[in-house]
Student: 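First the structure, then my questions, so here it is.
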Amino acid sequence: RRKRHLAGLISKTRKKRDLSQTDHMAFSKKVLKWRLIGEGYSSQLTIEDQRYIFRLAFRMWSEVSPLEFVEDTHAPLEDVDIRLGFGTGRHLGCNQKFDGTGQEFAHAWFLGDIHFDDDEHFTAPNVGSGISLLKVAVHEIGHVLGLPHIYRPGSIMQPSYLPQESSFEMNWMDRKAIQQLYGACKGRFDTVFDWIRKEKTPYGEVVIRFNTYFMRDGWYWLYENRNNRTRYGDPVPLQTGWHGIPMDGVDAYVHVWSRKRDAVYFFRGTQFWKYDSENDQVFRQDPEGHRYPRLISEGFPGVPSPIDTAFYDRRDSHIYFFKNNLVSVMASSFPKNIRDVFPPVVNRDHPDGNIDAAYFSYTHNAIFLLKGIRFWQVVGSRDRWQRPFLPRNGLLPHKEVDQHWFDICNVHPTALKL
Amino acid sequence: EKPFHNRDHSDMQSLNSHQAQAVTDKYTAELFLSRYGFIEPVNWEEVQLEDSDASFSGDFLDDLQATIQEGISVAHLRDNQAFISALTEFQRVSGLPVTGVFDEATKVAMNKPRCGVPDKEMGLTNPVVATVPESSGDFDFENSTSTSNNTTTVR
């Protein structure tokens, strides 16, 4: 009778789980609710500290996977996917008794419960002594999501606790392990660009540096090309780093950079803004006396708006505006069909318009057109030198965005600000 | 209140807490190896919830667990090879010298704070050592002028 009852309990909760496409056990939905249960608070940290640490722990998984997590303190407990609690010895209806101070510090179940041994000395992040609750929470959440222990230096899924260094983050192996279960992060972007800035060295020399940014809706990521990932802690709300541009997103970013001009523009709808790099905000009025936002039709006569996207081509000093299947340049003979301006290298392998983002990358010294989850690289001079038969400005066969720029993942809106 | 004296509570002591049983000898090492699946993979998903209809008492579960573990241990004490095999597997995945002997380094490793989830579970190919390739970007980033640092960048 007991076995039948337990089997019934297990089958009820097992419906939350599903065989993923990789035939691994994993959650079948992408937005998961969690709660620190009231009867399971730790006696060592304030409740707010505990909740903050768990919010951060869930967000860290969200930053490297298509999963989103939201704290739910109101729904019936059986509707909460992941329940967390602290206990000692015999605890929280669990049959795995904790062993006291030392050794086992927590355990987790695929059904969604995480238990922490409150006999251990859990501490907040960046506190030197004790056991980092954040690190343990990230580890146990990994189990809940379906990861086993991983015996690799640096992996968050190592079974033994290692004293936390100044900071810990998901390494490449941990990211790919979770993505094997839930897939990579995919999605269209509003715009992608390399932000150029000038810095002075201690010796007074001016050096040019750039950072790569991806924007989607009201968020953005800084992409660290040399590390093949986004900056830790991203995405960030637009208004945090880009003051004055529309908070819910932009259509395009253009940096006009020539010997005579150096101007940055953001486009949204029928308007555009000029960005003041020195003061890190949009111009209300630029030195030429123009007030912003301005209508695109005023600043760029003949260009239809709203636009899909745009980019500045330093090869010919023109801004290319994309709208539907047309490309507009403030020059004669435009607008033209996109297939005429950017012909396909392989027939039928072409975005055919409605481009999401046009991006010149200084890292790759190449122009990319992004649409949906795919991108096409524009044939460059080096490509044509190696293969002269390639058409000028041809589009090479498409590739997947997430296989080129890794782990650009959304988080739940409630997790944007912890 | 749990007593403490430091401002940041870093020296907080647990009241009435008892210390976990340390792994000190071959017997406790065998219990460790059994608990975490090195002797036989553990069916971790058999969750037993305390419920009025399923009245597994805590004492019953304690006795059951101890009996199972002792039973397994007794059986395996008769078969020393199984213990050595489990021990070497633990040493191997833990990055220890694979001696097959319950030595000091192994004892220290077994007594480290660790997660209670077994390392070897039924139905899984465990443990995962290295199955995912390292970062393999398609491009050479040597000319990047990004100021982004390596993994020491702080969130």
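As a basis for the values below, the full set of heavy atoms in this structure was taken, side chains included, without hydrogen atoms, waters or symmetry mates. So that the names make sense, note that chain A is the first sequence line, chain B the second, and so on, each numbered from 1.
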Student: For the residue pair R35(B) and K97(A), what are the closest heavy atoms and their distance?
Tutor: NH2-O, 4.0 Å

Student: To check you understand the geometry: which heavy-atom pair defines the closest contact between C115(B) and H143(A), and what is its length?
Tutor: SG-NE2, 3.4 Å

Student: Can a donor-acceptor pair be found between the side chains of D99(A) and Q21(B) at a distance below 3.5 Å?
Tutor: no

Student: Excluding sequence neighbours, so at least two apart, what forms ring-ring contact (aromatic ring centres under 6.0 Å, His included) with F105(A)?
Tutor: none

Student: Nearest 0.5 Å, what's the CG-CD distance between D119(A) and Q19(B)?
Tutor: 8.5 Å

Student: Given heavy-atom pairs under 4.5 angstrom as the criterion, report whether the side chain, backbone, both or neither of I196(A) touches chain B.
Tutor: neither

Student: Side chain, backbone, both or neither: which part of I131(A) has a heavy atom under 4.5 Å from chain B?
Tutor: side chain

Student: State which residue, out of E104(A), H149(A), Q103(A), H139(A), fulfils the side chain to side chain contact (heavy atoms under 4.5 Å, CB included) condition with R114(B).
Tutor: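 Among E104(A), H149(A), Q103(A), H139(A), the one that satisfies the side chain to side chain contact (heavy atoms under 4.5 Å, CB included) with R114(B) is H149(A).
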
Student: Looking at every heavy atom in both A20(B) and G102(A), which two are closest together, and how far apart are they?
Tutor: CB-O, 3.5 Å

Student: Please report the closest heavy-atom contact between E140(A) and V117(B), naming both atoms and the distance.
Tutor: OE1-CG2, 4.2 Å

Student: For atom OH of Y41(A), is the number of surrounding heavy atoms from other residues, nucleotides or ligands below 6.0 Å larger than 12?
Tutor: yes

Student: To the nearest 0.5 angstrom, please state how far the OG atom of S160(A) sits from the CG atom of N111(B).
Tutor: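 Here the rounded value is 10.5 Å.
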
Student: Return the set of residues passing ring-ring contact (aromatic ring centres under 6.0 Å, His included) with Y36(B) (not counting sequence neighbours), or none when no residue passes.
Tutor: F32(B)

